[in-house]
Amino acid sequence: MPRKSIDLPERFLFTTEYIVLYSDVNVANHLAADRIPAIAIEAQLRFIIALGYEHATAFEEAGLIMAHSEISYISETDYGDHLAIDVTACNFTSKSFDLLFSLRNVSKNREAARVKNTMLFFDYKRKSVCPVPESFKAKVASM
C-alpha cells in the first residue's frame, strides 16, 4: 500500500509550545502514538482561543466536531522534549475545513509528526451539520 503524506502549507497561522509529559510516553520511553491526537487537540483549543473565542468547543452557535483525521508519525520524541506546534485552517468548503498541524521537536531539531483533521460545525439543537460561519472564516483570514 502506498504511503500517504500530509502536505503542509507554506505558512501557518499559529504556533504554540508543548513539553512532552511523563503521561505522554509509553513503555519504550518515547511519545506514545495515541498521544499525538490529544496534543493536536490541545493545540486546536489554543488556536481557537487565539482567534478570540472564549469557548473553543462550542462557539458561533454550534459545536466543532472532527469528521476525519490523518496522522503521519515522522520521528521519535522523548519525555521532556519541547515541541513547537504549528496550526493552520485551510481547504474551506461550505460545511467543512481542515486543521493542519506540524509538530516540530525543538529539542532534537526535527519534525516529529503531522496531523490533518477535517472539521465540521454541528448544531446540537438540530442534530445536524451546519455551514462554516462566515465570521469564523473572516477571523481565520485576519490572522
Side-chain angles (χ1 to χ4, degrees), residues 2-26 29-143:
R3 182 181 172 111
K4 287 186 172 186
S5 66
I6 298 171
D7 296 326
L8 298 179
E10 291 181 25
R11 182 176 83 85
F12 283 90
L13 301 175
F14 176 77
T15 301
T16 190
E17 298 178 354
Y18 185 85
I19 305 297
V20 177
L21 305 172
Y22 184 69
S23 58
D24 293 328
V25 298
N26 59 20
N29 205 33
H30 61 251
L31 181 61
D34 66 337
R35 295 300 300 148
I36 299 288
I39 293 169
I41 288 171
E42 175 66 27
Q44 171 185 313
L45 171 75
R46 295 176 188 181
F47 172 66
I48 298 298
I49 290 170
L51 286 172
Y53 296 102
E54 287 183 35
H55 304 286
T57 55
F59 55 94
E60 297 285 355
E61 306 295 324
L64 193 59
I65 61 172
M66 185 186 317
H68 180 81
S69 185
E70 297 176 31
I71 302 171
S72 291
Y73 301 95
I74 297 169
S75 68
E76 188 176 55
T77 298
D78 298 310
Y79 166 73
D81 282 354
H82 176 187
L83 300 178
I85 306 166
D86 297 319
V87 184
T88 199
C90 58
N91 304 327
F92 284 89
T93 70
S94 63
K95 294 203 175 180
S96 71
F97 67 98
D98 291 334
L99 282 175
L100 296 177
F101 305 84
S102 173
L103 287 72
R104 293 178 289 114
N105 187 325
V106 176
S107 300
K108 294 182 170 65
N109 195 30
R110 61 185 183 205
E111 189 175 22
R114 294 179 182 184
V115 179
K116 177 181 177 182
N117 292 338
T118 300
M119 308 300 293
L120 305 169
F121 279 89
F122 190 80
D123 184 331
Y124 284 96
K125 290 178 185 171
R126 294 185 178 156
K127 302 286 187 204
S128 66
V129 172
C130 54
V132 175
E134 290 302 320
S135 55
F136 177 77
K137 291 180 195 177
K139 286 184 179 195
V140 168
S142 69
M143 276 193 105

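Throughout, numbering of the chain's residues begins at 1 and tracks the sequence.
- In this structure, Lys127 and Phe122 approach most closely via the heavy-atom pair C-CZ, 3.4 Å.
- Between atom CD1 of residue Ile71 and atom CZ of residue Arg114 there is a gap of 14.0 Å, rounded to the nearest 0.5 Å.
- The distance from atom CG of Asn105 to atom OG1 of Thr77, rounded to the nearest 0.5 Å, is 4.5 Å.
- No side-chain donor-acceptor contact under 3.5 Å links Ser128 and Asp123.
- Between Tyr22 and Tyr79, the two ring planes are perpendicular [angle over 60°; tilted spans 30° to 60°].
- If you take CD on Glu134 and CZ on Phe92, they are separated by 9.5 Å, rounding to the nearest 0.5 Å.
- Remark: Ala43 pairs with Thr16, Ile85, Val87, Phe101 by the side chain to side chain contact (heavy atoms under 4.5 Å, CB included) rule, at least two apart or across chains.
- Interatomic distance, OG of Ser102 versus CG of Leu8, reported as 5.0 Å (0.5 Å rounding).
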Decide side chain to side chain contact (heavy atoms under 4.5 Å, CB included) for Leu31 and Ile39; before the verdict, give the C-alpha distance in whole Å, the side-chain angles of both, and the deciding distance to 0.1 Å.
CA-CA 11 Å; Leu31 181 61; Ile39 293 169; 3.9 Å; yes
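- Listed for the Arg46 side chain is a donor-acceptor partner under 3.5 Å among the backbone atoms of Glu17.
- For Ala89 against Leu13, the heavy-atom pair with the smallest separation is N-CD1, 4.0 Å.
- Taking every heavy atom of both residues into account, Phe12 and Leu100 meet most closely at CE2-O, 3.8 Å.
- By the ring-ring contact (aromatic ring centres under 6.0 Å, His included) test, Tyr18 is found to be paired with no residue, residues two or more places apart in sequence or in another chain being considered.
- In terms of the ring-ring contact (aromatic ring centres under 6.0 Å, His included) criterion, Tyr73 has no residue partners (sequence neighbours excluded).
- Screening residues 96-105 for salt bridge (Lys or Arg N to Asp or Glu O under 4.0 Å) gives Asp86-Arg104, Asp98-Lys116 as the qualifying pairs, with residues at least two apart or on separate chains.
- The two residues Met143 and Ala50 have their closest heavy-atom pair at CE-CB, 4.1 Å.
- Looking at every heavy atom in both residues, Ser75 comes nearest to Arg110 through OG-NE, 3.4 Å.
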Val20/Leu83 under side chain to side chain contact (heavy atoms under 4.5 Å, CB included): CA gap, chis, key distance, verdict
CA-CA 7 Å; Val20 177; Leu83 300 178; 4.0 Å; yes
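- The aromatic rings of Phe136 and Phe97 lie tilted to each other, with the angle between the two planes from 30° to 60°.
- Residues satisfying the side chain to side chain contact (heavy atoms under 4.5 Å, CB included) criterion with Ala38, sequence neighbours excluded, are Arg35.
- Residues Ser107 and Gly80 come closest through the heavy atom pair OG-O, 4.5 Å.
- Side chain of Ser5 to main chain of Asp7: no donor-acceptor pair is present (N/O by atom type, distance under 3.5 Å, no hydrogens or angles).
- Thr88 places none of its side-chain heavy atoms less than 4.5 Å from the side chain of Phe14.
- Here the CG atom belonging to Asp24 is positioned 9.0 Å from the CG atom belonging to Asp34, to the nearest 0.5 angstrom.
- If you take OG on Ser142 and CG on Leu51, they are separated by 7.5 Å, rounding to the nearest 0.5 Å.
- Here His68 pairs with Glu70, Thr118 under the side chain to side chain contact (heavy atoms under 4.5 Å, CB included) rule; sequence neighbours left out.
- For the pair His30 and Val25, the minimum side-chain heavy-atom distance is 4.5 Å or more.
- With Ser69 contributing its side chain and Asn117 its backbone, the two residues share no donor-acceptor pair below 3.5 Å.
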